[in-house]
Structures are given as structure tokens and as C-alpha cells.
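The next block holds one structure in the form of C-alpha cells; read it before the comments.
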Amino acid sequence: MKPRLARGLQDILPAQMLARQRMIDVIRSVYERYGFVPLDTPAIEFLDVLSGTGGEEAQASIFQVANPDNQEVPLGLRFDLTVPLARVIAQYADLPRPFRRYQVAPVWRADKPGPGRFRQFTQFDLDSVGVKSEVADTEIIAAACDTLEALDVGGFRVRVSSRKVLNLLMPFADIPTEAAADVFRVLDKLDKLGLDKVKLELTTGYKDKSGDTIRGLGLSSAQVQKIEQFLDIKADKREDVLVQIKEAFAGLDDADSAIGELEKISKHLAALGYDDDRVALDLSIARGLAYYTGPVFEAVLLDAPEYGSVFGGGRYDNLVMRFLGEAAPATGASIGVDRLLAALVHLKRIKLVNSTAQVLITRFDNDLIDDYLAMAFELRRAGVRTEMYVGTAKRVGKQLKYADQTDIPIAIMMGSDEKEKGTITIKDLAQGREMSKDMSGHEQWKTERPGQFEAPRSELVQTIKNLLTQIEG
RNA sequence: GCCGGUGUAGCUCAGUUGGCAGAGCGCCUGACUGUGGAUCAGGAGGUCGAGGGUUCAAGUCCCUCCGCUGGUACCA
């Protein structure tokens, strides 16, 4: 049997897993600071529970699971965390409302995999169910900002739009409402394709590089002109954008309430200190749009825009109705954990390391094994993450190399010399590596022993703790 | 899903009109029997993605499948 994985699946090896866990811990702590509570649901749901919203095409990208009890009732793997949340809301009538929950879990989509796009990936979701007010949307957007800041991602921008405001485009450009989904799907490509191609796709269509025919929507030039006018609505300041929107859509039905929503969110955010440089109003984001009903937003990293949206969400007031019959207003956001991690590694804002241990105790002399064990457990009991070398390499050189390869910063050595003196030899591997750059030959290396010093055995814990604070700054 | 590119050592890749399977880095061993770096000397490591076909002969040409990749469609 050849070891292999099915298409679009990946293993997450320790170095990446460690970075990812740290990321998840940070996100969780931000969400709990907002008072959100955790939820978990099974990976497997009834297929009809999953596929209700999207119709038949939606089913195409659901992984189906054979039902061992009844083949007539098929099962599937969840493709997001929002639909299971809607089911939970509808199923547990006595859950407190508002229900504000976070959930981090893998989801599956049987789409074509691409770079940074897998068939199993982990989402970290945050949702408020049962709140109609814009305050809930504001909190979600603020939490997105706080999360990105806590993750130290560098520059980012949250772009906020609104499904309701976008809907105004239809009467504004005199386009039938049935065409809305198609128009938005095309407009969503603006970033990727540029205005010229988008215009072609709105009207006559064109042939792309690979020779594929892109079907046009057949809009008139007057309609496209109106769309262009709409796309011209942009400004650095949220207030200026709001003024432009109001001007453009004055007099249209529902314009006041749609715009009012955005205005309130913008004002709340301003009061909290989330300024124009972090949160912008930008009508060019459409976010798939399928189940969104109100404000929508997404966040991009300014230094890695090619990674696309790393954080996105919006209001979806009708999703729960499917199960419940009554409306349950909801708003939320989702982080693509693996995509964000990939972007941060790319930006060198996360360093991948291969070990959890801070200290490696080398096995210098097998007769002293009990001394080594004693040191290891002394450090562990003091809270220092410690590994005693348990591999087969007898030579200390190899053991040090192992520490190097696994990114363990400190090595401890104790042979009979030290034992007699009551001391230990401590090596700061990173410092030694740094100092060795200026060394001429092996003799100097041997005599100077860079990054290495002796300390009394009795002061083991304190010495290591001091060195760790020094290293980890 | 559709159109194209690509697959050779752990990694990055070279490989001529079809004619003995290669390099750099990494890894292992030693110089250095109490020390990760550097230097030097050796060494291991490949069913050339898989299967089939053409040929005296296939990494090289042809077909099918799989993976990766660029574009496109989809993305609840």
C-alpha cells in the first residue's frame, strides 16, 4: 500500500500545527474577551439539513457520507459552520438569546483545490444570533479588527459594504432584480480582472487566454454607465462615502433605511476608535452574497493582498428561518485559519519552529542517566518545557545537532567533570550560532565554545529561567 | 466541471537527434574518541508520478489515469 492522501487533503505537521494552535489561542482569547461562548457540532449532518439553502448546485460540493443505518437518508460533511449553527438555534429552543458563540472546526468542500485552497480546511467563526441591532454588526467588525491586531498581522483594512445598499443598484441602473445575483457575481471580479473585462462580461462577453468563452450578461451601455457611476463611489473617509451614496440613491425606495444601517455602524465604530484607516466603506465587495441580507465585510492584509480576504462576514437574517419558521436575525464572521496562517508565514510574521521544548538535556554519559532525569523533572515541575534526549545518538555532537534541527534554544550538558565540580554546562544555541559567524577555524571554535557557560547545579532552575527571559525577551 | 502547463534523489532543478541516471543543497561517516557552526575527505540515497503502447533500445515519442500548477466556472 502506497502512503497517500486523496485530492485536496493535507497533513499538518508539527511546525505548522504549533503556529496554528498559537493563532487559534489568540483568536479564542479575543472572542472570549467579548463574552462569546464556544460551541461544537458534528462534522456529519443529514444531507438535507446541509443542502437546503443552496439548491442542487450547492450539493455538488458537499462530501457525501454513506449512512450505515439507512441508505435512503444520506449524510454529508458540513461545508461551513453557519448552517450547523442555524440548526442548533432552531433545535434548542431554550438556548439564551442573544446567542453569541464562537466555533473553530474543520469544514469540507468538494471543490477543485487550488493554491492555499483545500478540500478540508479550518474555519474560526463568530456569530451573534437574535440581535437585529447594528450594535451586533459593529461588535463583529470590532472583534475582527481586535483579532487581526492581536495576531500582529501588520497593516490590514476591513472593507464594509451592505447587501441592501448594493440592491439599490438594480433600480438605480434600471436592471431587473432577477439579474442581481449575476451582476454582483461579475462585479465581485473587479479586483481580479479590472474594469475593462468586467464591462465586457456585463455586456457582450469575451474569450479568455485559454480560449474559453466568457458569456456576457447582455446589459445595455446605459445600464453599464450607471454601474460605472456606482463603482465610482469611493473615498478614504467613511463619511464622504456615505454622502456620495446618499446623493446617488436619493429618492429610491428603501434607500434611507439601507444607508442608515451603514451610517450607524460607521458612527459606532468611530466612537470606539476604529478609524477610517482600519475600517473603510467600500461598495466593491460583494462576498458571494447568497445568504447575506444586510451589512457585509471582509478584511485584507495590506502587505499580502494576493491572499485575498482573510476574514469575512455579514448579516444573514433569513438563514435560521429555514428550520424555525420564525425569523432569527443573525450576523457573524469567519476566519480562514489556514489561509491567514499561510499569509503570515509568507510575510515572515510567524516563525515556524519544530519543538515545544525550551531546553534539551543531553545524555552525555549513560551512567549519569538518573542525574539527567532529575534535572529534567526539576525543570518540568518549575514549568520549563524540557526534553531529555531519548534518541539513540551516543555522541553529544549529534544530540546538539538534534537540538539545532528542532529549534530547541538551550542545551544542558553534564559529564563527569561537571558532576565532580557540582556544575552544569549550559549552551545558548542561537547565541553560539551567531558568534560562530566571525570565527576563523575549528581551533577557535573549540577553545572559545561560543554561547556556552557553566553554572552551579544547585541553581539549575533559576539559571535556566533567567536565560529564557533573556532569550525570549 | 472545462482549457493549458508540469511531474527526475529529502529539497531546488539539469538531462543533447531516443543510446550506461546527474548537479547543488540537505542527510550519513570520519578528520575532531567531552560539543551544534566553518573547512576538508569519503558515503548512502532513484521502479525517472502510475499503468499501457511504439522501438533493438524510452526519463525522452504516443495513449489512459493520478498529483501539482496557470486560467475559467462554482463558492451556500
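In what follows, chains carry the letters A, B, and so on, assigned in the order in which the sequence lines appear, proteins first and then strands, with residues in each chain numbered from 1. Values below: all heavy atoms of this structure, side chains included; hydrogens, waters and symmetry mates excluded.
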**Request:** Could you state the atom-to-atom distance from CG of Asp111(A) to P of rU72(B) in whole Å?
**Result:** 16 Å
**Complete:** Taking rG36(B), rG34(B), rC28(B) as options, the one with an atom nearest any side-chain atom of Thr425(A) is rG34(B)
**Asked** So, are Asp404(A) and Arg433(A) salt-bridged, with charged N and O less than 4.0 Å apart?
**Response** yes
**Message:** Using only modelled atom types and a 3.5 angstrom limit, is any donor from either the side chain of Lys401(A) or the base of rG37(B) paired with an acceptor on the other?
**Reply:** no
**Prompt:** Which nucleotide, rA76(B), rC28(B), rG34(B), lies nearest any side-chain atom of Lys398(A)?
**Reply:** rC28(B)
**Request:** Output the single nucleotide from rC75(B), rG34(B), rG36(B) whose closest atom is nearest the side chain of Asp417(A).
**Result:** rG34(B)
**side-chain contact (heavy atoms from CB on, under 4.5 Å) partner of Pro295(A), the single match among Ile265(A), Ile140(A), Thr331(A)** = Ile265(A)
**Message:** Distance check needed: rG36(B) P versus Gln444(A) CD, whole Å only.
**Reply:** 15 Å
**Request:** Please measure how far the P atom in rG19(B) lies from the corresponding atom in rC61(B), and state the result in whole Å.
**Result:** 11 Å
**Message:** Regarding Met435(A), tell me which of base, sugar-phosphate or nothing describes its non-hydrogen contacts under 4.0 Å with the strands shown.
**Reply:** nothing
**Fill in**
Between CG of Asp11(A) and C1' of rG67(B) the distance, given in whole Å, is 15 Å
**Atom pair distance, as rounded to whole Å: NZ in Lys446(A) and P in rG36(B)** = 10 Å
**Request:** Assign each of Arg395(A) and Gly451(A) to its nearest nucleotide of RNA chain B by heavy atoms, then name whichever residue's nucleotide is nearer the 5' end.
**Result:** Arg395(A)
**Prompt:** So, Asp254(A) and Lys164(A), do they make that salt bridge, N to O below 4.0 Å?
**Reply:** no
**Request:** Could you please name the option among rA73(B), rG36(B), rA76(B) that lies closest to any side-chain atom of Arg433(A)?
**Result:** rG36(B)
**Request:** Report the distance from atom CD of Gln399(A) to atom C1' of rG36(B), rounded to the nearest whole Å.
**Result:** 11 Å
**Fill in**
The answer to which of Phe364(A) and Met439(A) contacts RNA chain B further toward the 5' end, by nearest nucleotide, is Phe364(A)
**Asked** Taking CZ from Phe118(A) and C1' from rG67(B), how many angstroms apart are they, rounded to a whole number?
**Response** 13 Å
**Asked** Below 3.5 Å, does any donor atom in the side chain of Thr82(A) face an acceptor in the base of rA76(B), or the other way round?
**Response** no
**Asked** Where does the angle between the aromatic ring planes of Tyr31(A) and Phe124(A) fall among parallel (under 30°), tilted (30 to 60°) and perpendicular (over 60°)?
**Response** perpendicular
**Prompt:** Given rG36(B), rG34(B), rA76(B), which nucleotide is nearest the side-chain atoms of Arg109(A)?
**Reply:** rA76(B)
**Request:** Give one of base, sugar-phosphate or nothing for Asp404(A), where a contact means two heavy atoms less than 4.0 Å apart.
**Result:** base
**Nearest-angstrom distance from the residue atom CD of Glu418(A) to C1' of rU35(B)** = 11 Å
**Request:** State whether the distance check finds a donor on one side and an acceptor on the other, under 3.5 Å, for side chain Gln405(A) versus base rG26(B).
**Result:** no
**Euclidean distance for P, rG37(B) against rA14(B) (whole angstrom)** = 31 Å
**Asked** Within the structure shown, what part of the strands sits under 4.0 Å from Lys112(A) by heavy-atom distance: base, sugar-phosphate, or nothing?
**Response** base
**Item:** His442(A) NE2 to rG30(B) C1', straight-line distance once rounded to whole Å
**Value:** 12 Å
**Asked** So, Glu261(A) and Arg163(A), do they make that salt bridge, N to O below 4.0 Å?
**Response** no
**Prompt:** For Glu448(A), which contact category applies under a 4.0 Å heavy-atom criterion: base, sugar-phosphate, or nothing?
**Reply:** nothing
**Prompt:** Between Arg185(A) and Asp182(A), does at least one N-O distance fall below 4.0 Å, as a salt bridge requires?
**Reply:** yes
**Request:** Would you mind classifying the nucleic acid contact of Gly432(A) as base, sugar-phosphate or nothing, using non-hydrogen atoms under 4.0 angstrom?
**Result:** base
